[in-house]
Amino acid sequence: MTAERESHAASGSRPGEGEAFLPRLMRHLSDLLRLAWPVMLSRAGILVMAFADIAMLGRYQVGAAGEANLGIAIFVPVLVFCIGLASGVVPVVSQAAGRGDRLECGRAWRRAMVWAAVTSAIGALVVFRGEWLLGALGQTPTLAAAGGRVAEMLAPGLVAQVLFAVCAFYLEATRRPMTALLVMLGANLANVALNWLLIWGHWGLPEMGAAGAALASTIVRWGAAGAMIAVILAQTDARGAGVIGPAETFWGPGGWRTGWPMRKLGISAGLSNGFETVGFAAMSLAAGYLGALALDAYSISHNLVSTVFMIGLGLAVATGVRVGTEEGRGRPDEAAFAGWCGFGAAAVLMGALALLVLVFRPAIAGIYTDDPAVVARVSALLVFSVLVFMPDSMQVVMGQAVRALGDAWLAIGIYAVSFTVLLVPLGLYLALETPLEERGLVVAIAAVCVLATVLMAWRFRVLTLRTRGRLGPPRRLGERA
């Protein structure tokens, strides 16, 4: 028991009891934002790396950026799914950290690294077959071959990116988020330098174009993963932290079963991400049915929404860590308060960003293109796109909060219904059967995000009532809900 818990036990009170609402809120928000902002920037670094590739290829030759996009279109969904599978380490480590069990934090990291290596290797094999997949999706043999070459170069980097993510999750869950941010910053700088060498073939290296940009990203991803692993292994008292130790202590007393709560929560996150990715991919395909101008407008809108979503994702990871930590400390009231603080912070921050985008939408559209027709179409579309900001971030915050309490399976059903069963037909109907066109796709996304937010918030409410003993007996992480 920590000194803080001993103090509360001696006084007969629980954290938060007797504390005025506003000071309690400010304490929670301060802790949340201090943890969230490095996470936001480190996640945004993944997008920045892809943006740098596309921007540099756009200056290399016509068509190179398109080849890269085809390969990335295969790589990203598999990457998102594999990172989701590994993300179960966050609630496990944060709860262990909350209990003061430093040894279990490190053991969970080691188990997660093995799980991530196996699942991402399978994912890399799928990406490596990118040419076949692109051909099966209707691309011409020439484009499929070019995109497939990019996918082949990206495939080994998928393993490295997932291992990097596991290390970042571990450090963030133990409240050390700056390391991932600094490593990602260095990775982006190295990526630009390697792009310059491998795209154009400077310093005697082969001129590889889009495949060179993909190879540069893979090299950088392995360097970043290696740096993160080195930092974790070099920490003070690494053996006491559980990150190194005898093989027989690797899994813990329960053997392979010890890692089941982590794998269960990861499977939930991976499948949830998968359903969401399928839904968004279907919307992109539907935009292609509306013509080149509509596709350009929707693609720009989607890129902006995805970029802004990094803020919501950072808040979600930080919220999950804080909920898990408070639950691990045996403070369910504080865990519930932490979750709702993350929910409210997402609403306020995303609402403010939505207003900014609404006011400056023509200027924002002009950043992406100088074509007046596209600027006008994007500017009109952004009026609807800002409707996605708040619910999209709020649902991912609640998703992390729910998993931080050990709940897994219901979330899969919520995401499957919202982003696949409902989004796909609703989006197609609004885009193809009404005058809304690409605006209908965005309206459909906003609507299902609202639904997912409501359902996930309801689930969090039920779980927090249960953990506080107000709705049936409380359950620990890994027990059946």
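Note that this is a predicted model, so its numbers are computed, not measured.
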Report task. Step by step, work out the salt bridge (charged side-chain N to carboxylate O under 4.0 Å, His left out) result for R322 and D31. Result -> CA-CA 8 Å; R322 297 197 69 256; D31 196 27; 2.9 Å; yes
Query raised in the report: When you look at E152 and R129, which way does the salt bridge (charged side-chain N to carboxylate O under 4.0 Å, His left out) test go after all the steps?
Result: CA-CA 7 Å; E152 289 175 4; R129 296 286 294 162; over 6 Å; no
Query - S301/S385 under side chain to side chain donor-acceptor pair (under 3.5 Å): CA gap, chis, key distance, verdict - result: CA-CA 7 Å; S301 164; S385 300; 2.6 Å; yes
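Note: H302 and Y298 have parallel aromatic rings, judged against thresholds of 30 and 60 degrees for the angle between ring planes. Ring geometry for Y60 versus W200: interplanar angle over 60°, hence perpendicular rather than tilted (30 to 60°).
To the nearest 0.5 angstrom, M350 atom CE is 10.5 Å from M394 atom CE. Once rounded to the nearest 0.5 Å, the distance linking CD1 of I74 with CG of L133 reads 5.0 Å. Taken from OG1 in T319 to CG in L32, the straight-line distance is 4.5 Å, to the nearest 0.5 Å. Of the inter-residue distances, the one linking Y170 atom OH with M228 atom CE reads 11.0 Å to the nearest 0.5 angstrom. Taking CG of L356 as the reference point, atom CD1 of I364 lies at 8.0 Å (rounded to 0.5 Å). Rounding to the nearest 0.5 Å gives a distance of 12.5 Å between OH of Y415 and CG of L271.
Counting heavy-atom neighbours within 6.0 Å of F280 CZ, excluding the residue itself, gives a total above 12. Heavy atoms from other residues, nucleotides or ligands lying under 6.0 Å from CZ of R361 number more than 12.
Not a single donor-acceptor pair under 3.5 Å links the side chain of Q95 to the backbone N or O of V92. Side-chain atoms of T218 never come within 3.5 Å of backbone atoms of P156 as a donor-acceptor pair (strictly under, hydrogens ignored). Not one N or O on the side chain of S30 forms a donor-acceptor pair closer than 3.5 Å with the backbone of R27. In terms of modelled atom types and a separation under 3.5 Å, the side chain of S120 and the main chain of G123 share no donor-acceptor contact. Of the possible donor and acceptor atoms, none in the side chain of K264 sits under 3.5 Å from a partner among the backbone N and O of G88. Listed for the N188 side chain is a donor-acceptor partner under 3.5 Å among the backbone atoms of M49. Checked by atom type and distance alone, the side chain of W115 pairs as donor or acceptor with a backbone atom of L85 at under 3.5 Å. Judged purely by atom type and a 3.5 angstrom limit, S268 uses its side chain to pair as donor or acceptor with the backbone of A408. Here the side chain of S393 pairs no donor or acceptor atom with the backbone of M390 at under 3.5 angstrom.
Taking the six-membered ring wherever Trp is involved, the centroid distance between the rings of F169 and W109 does not fall below 6.0 Å.
Nearest heavy-atom pair across A411 and R403 is CB-NH1, 4.1 Å. Heavy-atom minimum distance, G324 versus S94: CA-OG, 3.4 Å.
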